[in-house]
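Single-structure report; data block below.
Within every chain, numbering begins at 1; the chains are lettered A, B, ... in the order of the sequence lines, protein sequences first and strands thereafter. This is a predicted model, so every value here is computed, not measured.
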4 protein chains.
Amino acid sequence: MASSLPLNPRKNPQQARSEGLVAAILEAAAQVLAEEGAARFTTARVAERAGVSVGSLYQYFPNKAAILFRLQVNEWQRTSSMMRRIVEDLSKPAHDRIRELVQVFIHSECEEAAMRVALSDAAPLYRDTQETRVFRRAGRETIRQYIAGALPASVPADAQTTAAEMIRLTLTSAGKRFSESPRTQDEITRCAEAMADMFIAYIDALEQRHNTGSGQA
Amino acid sequence: MASSLPLNPRKNPQQARSEGLVAAILEAAAQVLAEEGAARFTTARVAERAGVSVGSLYQYFPNKAAILFRLQVNEWQRTSSMMRRIVEDLSKPAHDRIRELVQVFIHSECEEAAMRVALSDAAPLYRDTQETRVFRRAGRETIRQYIAGALPASVPADAQTTAAEMIRLTLTSAGKRFSESPRTQDEITRCAEAMADMFIAYIDALEQRHNTGSGQA
Amino acid sequence: MASSLPLNPRKNPQQARSEGLVAAILEAAAQVLAEEGAARFTTARVAERAGVSVGSLYQYFPNKAAILFRLQVNEWQRTSSMMRRIVEDLSKPAHDRIRELVQVFIHSECEEAAMRVALSDAAPLYRDTQETRVFRRAGRETIRQYIAGALPASVPADAQTTAAEMIRLTLTSAGKRFSESPRTQDEITRCAEAMADMFIAYIDALEQRHNTGSGQA
Amino acid sequence: MASSLPLNPRKNPQQARSEGLVAAILEAAAQVLAEEGAARFTTARVAERAGVSVGSLYQYFPNKAAILFRLQVNEWQRTSSMMRRIVEDLSKPAHDRIRELVQVFIHSECEEAAMRVALSDAAPLYRDTQETRVFRRAGRETIRQYIAGALPASVPADAQTTAAEMIRLTLTSAGKRFSESPRTQDEITRCAEAMADMFIAYIDALEQRHNTGSGQA
DNA sequence: GATGAATGAGTATTCATTCAT
DNA sequence: TATGAATGAATACTCATTCAT
């Protein structure tokens with residue numbers, strides 16, 4: 001569809017004031033999204049919420065999609081750095097890192113669920129963009145590598161890639177879907193446990209298949 | 001949000017004519033969705049495509065959301081009956097049934113992907129309805145039971161429920177996500193294979209855990 | 001610039017009601033143009049003036065430019081048929097027909113001057129369209145032929161074409177420019193007289209040049 | 001309409017710096033007009049192009065219209081001085097001076113056509129001003145006198161005025177209209193020739209009418 | 001003087017839904 | 001029953017101009 005909307009910030013927020021405004025707008029945008037939903041996410045509402053004129057809003061964002069895109073990028077970065085922290089902690093055994101990864105990820109998905117769901121609802125507005133595609137692809141790659149980093153080294157590279165990709169796909173998509181309904185802390189923990197169980201069983205089976213001499217596969 | 005839109009058909013399609021019209025409208029709706037996307041899915045376009053006046057359209061559907069809802073229900077029913085067929089074929093061992101379930105499901109998700117993605121994009125329009133919630137819950141339950149039906153009987157009931165739910169969640173959400181990008185037949189098959197591997201490893205581990213006498217858990 | 005706006009009427013006004021609405025909208029448009037000027041010519045104002053909702057307006061015209069285009073076409077047709085009537089009245093000598101043509105044209109240009117000036121001001125909105133170009137070219141051609149029809153037959157074809165084109169250009173552009181300022185009837189008549197004098201002198205000179213045997217040219 | 005916008009420069013450009021800035025702004029304005037058209041002629045774009053802040057722009061011009069007005073005045077002055085040079089060259093016979101006048105004027109109109117057309121498109125913005133009216137009236141007068149200066153002295157004063165005014169009106173309006181379409185050098189020359197033919201025939205006829213003793217008029 | 005961030009009124013266009021015919 | 005004309009609220013985005021720094 002609209003695959004060429006420019007999502008780049010209009011000006012580099014060089015000055016503290018600018019950065020503050022951008023932050024205020026993004027904060028307001030997140031609130032509007034969470035409280036009013038994607039359908040009522042309008043530039044006017046965001047500007048009003050941010051205590052800024054629409055004109056100012058458009059000085060920092062070229063269009064509505066760009067605001068949503070920035071919100072999404074921020075989410076991705078948060079997720080990504082969170083994962084990196086866990087995965088790079090080599091003091092823990094692989095299984096524990098996987099378990100922690102899943103727990104932290106699912107819990108984090110369930111935080112600010114309203115906003116995240118609304119952001120997903122609005123995805124059609126910023127999804128079909130070169131920029132988004134590039135960003136998303138890069139994010140996918142990064143996360144897959146983090147996951148691969150927690151897999152046993154004995155698994156051959158291509159099997160590792162496949163498995164990491166399946167785990168990434170499951171983690172992110174099932175995590176998102178799970179977080180769409182309101183959940184208690186207990187439910188969240190149990191869901192993450194089951195998912196980690198599944199991942200670990202999968203990894204162990206993979207390891208076994210490749211370890212056992214001439215292997216069965 | 002808009003949780004009280006009536007999605008029920010306005011009249012019981014008693015006459016053949018009515019049924020034909022409803023079918024024509026739904027067919028047209030699916031086409032519009034697939035070819036124009038959710039953003040351009042308008043009642044006027046659907047009516048025109050169906051060769052019907054908007055007025056008539058509104059005689060069979062109380063509002064736009066109801067059309068989308070019906071489309072979604074049809075998808076759910078198709079999926080559900082497809083699963084039932086596989087799961088009830090007791091001539092095959094459980095593992096095979098799981099593999100087949102996943103293969104068929106993922107392939108089916110990737111068919112008519114354009115329409116299904118657009119239908120998902122439009123979900124905010126019909127999602128927050130009592131009716132949808134009821135239907136979805138029932139569908140979830142049914143599918144979970146189908147999956148549970150393919151799990152080994154030795155696993156205790158509650159563990160079985162948890163596992164079936166995790167598999168259902170993964171299958172449907174990762175399947176949907178996977179189908180959002182265009183895929184070759186080969187890619188689809190390999191994704192389904194990996195997913196089935198994961199599920200089977202998960203099930204086997206579960207079985208083992210509960211079989212081994214006093215078990216570790 | 002915007003060279004691809006569709007200016008075609010959205011629906012054929014088949015019914016009397018439709019025709020009435022289109023006429024009402026065009027009438028209102030002419031009034032808004034005359035009284036408020038091109039800059040304040042908005043679809044909302046036109047609709048209000050016509051006693052119609054904006055929605056209805058957009059059922060009969062695909063966009064603002066189309067309304068202006070229709071107004072312009074009407075002007076062109078009025079001018080064209082007026083010229084034809086004069087030029088086809090063979091009972092009068094050529095000179096008289098030229099004089100009458102000029103008088104009638106200039107007087108007509110000065111009528112509804114406010115609206116016509118505003119319509120010209122708005123020209124950038126509908127000018128750069130395939131449709132307008134086609135229409136304008138056809139109109140130019142027609143008028144040139146009418147003028148050629150009043151020229152003496154002794155002038156060779158190509159000289160006749162050149163002269164008719166120069167007279168057309170002068171008549172229409174100087175007529176338009178002259179009508180931009182408010183004028184008394186007397187001023188208008190005298191301007192038309194002088195212009196006709198010029199045209200007739202031009203035609204006579206042309207005739208003479210081509211009549212005098214080996215001529216000077 | 002908006003007949004009271006102040007178009008006067010805000011400050012006398014006493015300093016060299018000021019003059020430079022004014023010139024830079026006008027140059028930038030001409031470029032923006034030529035390259036982007038009247039609709040995209042914004043103060044922001046002009047300022048950016050001129051390498052100046054909007055604030056500075058507003059120090060030298062009270063509003064957007066004033067920039068356009070200055071551009072127009074410059075055009076008028078260029079035209080005017082060009083005409084004066086030709087008309088005051090008494091070494092050439094009147095006919096030749098008329099021919100040259102027309103040729104040079106039409107060619108000059110066709111130069112920078114893009115900018116001139118855009119400047120005309122923007123005319124509604126500066127046209128309805130006391131200042132513009134005064135300037136335009138003065139310009140008209142001057143040009144008419146230049147033209148009168150090339151007419152034969154035997155024609156009585158009032159007839160001369162009428163004729164000069166008709167020629168001025170035709171020259172400027174038809175010239176402008178002609179230049180609105182892209183033209184080859186050859187087309188331009190031939191148009192100017194035909195126009196000069198017309199003017200000379202007109203002048204000769206006038207002369208004859210007034211020379212022939214008791215004359216018919 | 002110079003800057004450029006902030007303002008906010010203004011506008012074209014769409015679309016779900018109704019209801020007179 | 002069927003039609004489709006009519007409605008009008010809603011919304012993204014622009015731009016001339018000001019004024020605090």
Side-chain angles (χ1 to χ4, degrees), chain A residues 5 10-11 13-15 17-18 21 39-48 51-67 125, chain B residues 5 11 15 17-18 21 39-48 52-67 125, chain C residues 5 10-11 13-15 17-18 21 39-48 51-67 125, chain D residues 5 11 15 17-18 21 39-48 52-67 125:
Chain A
L5 288 180
R10 275 204 166 153
K11 58 174 71 169
Q14 303 152 332
Q15 303 161 353
R17 173 150 184 68
S18 297
L21 268 189
R40 291 175 58 80
F41 180 84
T42 68
T43 52
R45 259 186 274 265
V46 171
E48 194 194 4
V52 166
S53 67
V54 246
S56 290
L57 186 153
Y58 275 92
Q59 264 185 347
Y60 296 101
F61 296 90
N63 49 51
K64 195 173 83 158
I67 305 176
L125 295 177
Chain B
L5 288 179
K11 59 171 70 170
Q15 306 164 346
R17 172 155 179 66
S18 300
L21 274 188
R40 293 173 59 80
F41 181 84
T42 68
T43 52
R45 257 185 275 264
V46 171
E48 194 196 3
V52 166
S53 69
V54 247
S56 291
L57 187 151
Y58 273 89
Q59 288 219 327
Y60 295 101
F61 295 91
N63 49 50
K64 193 172 87 156
I67 306 175
L125 295 177
Chain C
L5 289 180
R10 274 203 167 154
K11 59 174 72 168
Q14 304 155 330
Q15 304 163 350
R17 173 151 185 68
S18 298
L21 268 189
R40 292 173 58 79
F41 180 84
T42 69
T43 51
R45 258 186 276 265
V46 171
E48 193 195 5
V52 166
S53 68
V54 248
S56 290
L57 186 152
Y58 275 90
Q59 263 186 347
Y60 296 101
F61 296 91
N63 49 51
K64 194 172 85 158
I67 306 175
L125 295 178
Chain D
L5 289 180
K11 60 170 71 169
Q15 306 162 350
R17 171 154 179 68
S18 300
L21 273 188
R40 293 174 58 81
F41 180 84
T42 69
T43 51
R45 257 185 274 265
V46 171
E48 193 196 4
V52 166
S53 69
V54 248
S56 292
L57 187 152
Y58 273 89
Q59 289 220 324
Y60 295 102
F61 296 91
N63 49 49
K64 193 172 88 156
I67 305 174
L125 295 177

Integer-rounded Å distance: F/dT14 C1' and A/N63 CG: 13 Å
B/T42: partners by side chain to side chain donor-acceptor pair (under 3.5 Å), with sequence neighbours left out: none
Give every pair of a protein N or O atom and an N or O atom of nucleotides 7-11 of chain E that lie under 3.5 Å apart, one pair per line with the distance.
from: E/dT7; atom 1: OP2; to: A/S53; atom 2: N; distance (Å): 3.1
from: E/dT7; atom 1: OP2; to: A/S53; atom 2: OG; distance (Å): 3.0
from: E/dT7; atom 1: OP2; to: A/S56; atom 2: OG; distance (Å): 2.9
from: E/dG8; atom 1: N7; to: A/G55; atom 2: N; distance (Å): 3.3
from: E/dT11; atom 1: OP1; to: C/R45; atom 2: NH2; distance (Å): 3.0

All side chain to side chain donor-acceptor pair (under 3.5 Å) counterparts of A/T43, not counting sequence neighbours: none
Length of the CG-P vector between A/L21 and E/dG4, whole Å: 16 Å
Intra- and inter-strand pairs of DNA chain E in dot-bracket (Watson-Crick or G-U wobble, both distances under 3.5 Å; | for another strand): .||||||||||||||||||||
Minimum heavy-atom distance between D/R45 and D/R40, given as atom pair plus value: NE-O, 2.7 Å
Atom-to-atom span, CG of D/L125 to P of F/dT17 - whole angstrom: 10 Å
Exercise: identify the closest heavy-atom pair between D/L21 and D/Y60: CD1-CE1, 3.5 Å
Distance below 4.0 Å between A/Y60 side-chain N/O and E/dA6 OP1 or OP2: yes
Minimum-distance pair of heavy atoms, taken over all atoms of C/S56 and C/V52: CB-CG1, 3.1 Å
Spacing of D/Y58 atom OH relative to F/dA16 atom C1', expressed in whole Å: 4 Å
Sub-4.5 Å side-chain heavy-atom contact between D/F41 and D/I67: yes
